[in-house]
Amino acid sequence: MTRVFSAMQPTSDSLHLGNYLGALVEWVKLQDTHDAIYSVVDLHALTQAPEPELLRSRTRRTAAQYLAAGVDPERSLCFVQSHVPQHAELSWILSTFTGMGEASRMTQFKDKAQKTGESGANVGLFTYPILMAADILLYDTDVVPVGEDQRQHLELSRDLAQRINGRFGEGTVMVPEAHIVKETAKIYDLQDPVKKMSKSTGNPKGIIEMLDDPKKVAKNIKSAVTDLDSVIRFDREAKPGVSNLLTIYSALTGRDVDGLVAEYEGRMYGHLKVDLADVVVAYLTPFHDAAMEWIESPERLDGVLAQGAAKASTIAQATLDRIYDRLGLLPPLHR
Ligand code: TRP
């Protein structure tokens, strides 16, 4: 079976609806047809200097959301990156194949470094894409589902794989394919519906957090910004607020936007909002409850993650042994 690998950083207490629809829903589907491996990449999160207690709880919360969404540990691997030391080991190897110029061209690094000033940024932020390449190449990954913002990082993983194979022979590593998850539903901020829904925009009322109390989410929907003319129709330019509500409605129910527009013809925004609030509550409640159940039984969660790590590390070690050998590192006979 073709192998997929993907991951998220444990940098928030809760995913928002955009993350969920754009990534987790896709991951869960891919399990049916692929050999799937999903990691919580806590080593990547260290580049943002998190508080230890916060990192610990966010790592568990992120994993809990994978499981609540339907990532099935019986079929797929679900594990925490730092539990599999081979990620850091392969990352070193890959760094010796990465050009300084090549790493300097990563636009996400440039954006992040600009915020702190180039000299304030840590080296981990610079080598972040190399660790990401290690995540992928360790599992002989065929396909990597990621958002558009990760395209350049994926390209680096492919370049490194091809470079290594060019020098040490085909099959030293597998060359992964990007599977850029087309945003079926691009979700915007409820308070500022021309901006993509994102934690960094600041206004908590604009975001639908997957782990928020569904009642609070319903409130956010009801106070979403719309426009003055009161016609319900889809027009991203002229009516971004109403269009966003229709998009969310459609994404959560599977109904098409045209059908919804027809149904709400002649009715008021308030009707749409009240109905959508119900839809969102019905959708979020089972997810919320399942995730909270995992979060409230950390021993059970840690057990699942330990099992995932054990299996992942067997695969990872076999890949690393093969690479070390091809590169000319002596076999470690003491093991
Ligand atoms: N950089 C990715 C992001 O921020 C997370 C990530 C780390 C990842 N390693 C990965 C994604 C490997 C896919 C494959 O979204």
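In listed order, ligands and their atoms are each counted from 1. Here the structure is a predicted model, which is why all the values come from computation and not from measurement.
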**Student:** Test of understanding: given a 4.0 Å heavy-atom threshold, classify the contact between I136 and ligand 1 as side chain, backbone, both, or neither.
**Tutor:** side chain
**Student:** Do the ring centers of Y139 and H87 come within less than 6.0 Å of each other?
**Tutor:** yes
**Student:** Indicate the atoms forming the closest heavy-atom contact of V80 with L305, along with that distance.
**Tutor:** CG2-CD1, 3.8 Å
**Student:** Does the N or O separation between Y128 and ligand 1 drop below 3.5 Å for any pair?
**Tutor:** yes
**Student:** List the atom of K205, the atom of S223, and the distance in Å for their closest heavy-atom pair.
**Tutor:** CE-OG, 4.4 Å
**Student:** Examine the proximity of ligand 1 to V144 and report which part, side chain or backbone, both or neither, has a heavy atom under 4.0 Å away.
**Tutor:** side chain
**Student:** Could you list the atoms of ligand 1 found under 4.0 angstrom from a heavy atom of F5?
**Tutor:** 12 (C), 14 (C)
**Student:** Using a 4.0 Å cut-off to any heavy atom of V146, which atoms of ligand 1 qualify?
**Tutor:** 11 (C), 13 (C)
**Student:** Run the numbers for me: atoms of ligand 1, each under 4.0 Å from some heavy atom of V41, listed by number.
**Tutor:** 7 (C)
**Student:** Taking NZ, NE, NH1 and NH2 as the nitrogens, is one of them in D35 or R75 under 4.0 Å from a carboxylate oxygen of the other?
**Tutor:** no
**Student:** Taking non-hydrogen atoms only, is H44 closer than 4.0 angstrom to ligand 1 via side chain, backbone, both or neither?
**Tutor:** side chain
**Student:** Between F79 and Y38, does the ring centroid distance fall short of 6.0 Å?
**Tutor:** no
**Student:** Check ligand 1 against S6 and write out every atom of the ligand that is under 4.0 Å from a heavy-atom position of the residue.
**Tutor:** 13 (C)
**Student:** On a heavy-atom basis, which atom in L320 and which in E89 lie closest, and how many Å separate them?
**Tutor:** CD2-OE1, 3.6 Å
**Student:** With a cut-off of 4.0 Å, which atoms of ligand 1 are near a heavy atom of Q9?
**Tutor:** 4 (O)
**Student:** Going by the order shown, which atoms of ligand 1 are within less than 4.0 Å of some heavy atom of Q150?
**Tutor:** 1 (N), 2 (C), 3 (C), 4 (O), 15 (O)
**Student:** Should the pair D140-R322 be classified as a salt bridge under the 4.0 Å nitrogen-to-oxygen rule?
**Tutor:** yes
